[in-house]
Participant: 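Before we start, here is the structure in question, set down as structure tokens.
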Amino acid sequence: MITLFESETHKNVMFNDLTSGAMVQANQHVILNGQEGIVLDPGGHKVFSKLISEIPSVIPNNGLKYIFFSHQDPDIIAAANGWLMVTEAQAYLSQLWMGYILHFGVDELVADRINSIPDEGMTLRLDGEPLKIIAAHFLHSPGNFQVYDTVSKILYSGDIGSSFGNDYDMVQDFDAHIQYIEEFHERYITSTKALKMWVEMARTIDIDIIAPQHGAIFPNNEMADRFIDWADNLTCGIDLMEDAFVVPD
Ligand code: FE
């Protein structure tokens, strides 16, 4: 567990060592403001059994108010039923995936605590402080959101900014880090146009840290800006795949 921000009333922590074996490494993020907390992209069953036991140390007194799912992938929503069964939290997921998440065996008794996020996003509140749920559609999922915490100024960017294969938690040398982000963004991030729309939006936000769902975080303004500039110049997704749509021999 790594503490990304801490004040008297507010805390942001990241769990980055709960995934194991061949499963793709994923970070789980937890935010506490006052008495209320949220868990972001909690992951699948093996992570659930570990993370659920850690929650009271970050969010005391059953204060878990929200569960946020950035999109529909198994490393995010596979344990949705467990989270809803053992907590009283309200879950939030893109309206596109409401019917799909039920295929992960969500019990009918708790399904009505999964709330849909409209395409334009929304604002949630933790003990009065706003959490901005902002659009990140096609980055990579067609119904995809990020979270901006207005207190810590952390942008929880989901798959955007994710890195794989590096052995450090925080990016210190951006140029040396490119090798761990490039392939993933070129293949998983759907569209150059969508990425540029995200860049334009991100430049309007006061960001101290970019915290992705996989790999290292961008721990300061300088690294966050370097990443946003890099994303602005990337060609990705379908724009690199014009030769791929051929019938195999
Ligand atoms: Fe995904």
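Everything quoted here is computed from the prediction, not taken from an experiment. Both counts, for ligands and for their atoms, begin at 1 and track the order of listing.
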Participant: Do Q146 and N144 meet the criterion of a side-chain donor-acceptor pair at a distance under 3.5 Å?
Facilitator: no
Participant: Short of 2.8 Å from the Fe ion (ligand 1), name each protein N/O/S atom, waters not counted.
Facilitator: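 Under 2.8 Å from the Fe ion (ligand 1) - ignoring waters, which are not counted - the protein N, O or S atoms are H71 NE2, D73 OD2, H140 NE2.
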Participant: State yes or no: are the ring centers of H137 and F145 separated by less than 6.0 Å?
Facilitator: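 Yes; F145 has its ring centre under 6.0 Å from that of H137.
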Participant: Tell me if the aromatic rings of H177 and Y168 count as close, with their centers under 6.0 Å from one another.
Facilitator: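 Between H177 and Y168, the centre distance is under 6.0 Å.
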Participant: Does A78 offer a backbone N or O that forms a donor-acceptor pair with the side chain of H45 under 3.5 Å?
Facilitator: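 Side chain of H45 to backbone of A78: a pair is present.
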Participant: With sequence neighbours excluded, tell me which residues meet side chain to side chain contact (heavy atoms under 4.5 Å, CB included) with L240.
Facilitator: E186, T235
Participant: Are F227 and H185 near enough that their ring centres are under 6.0 Å apart?
Facilitator: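 When the ring centroids of F227 and H185 are compared, they turn out to be within the sub-6.0 Å range.
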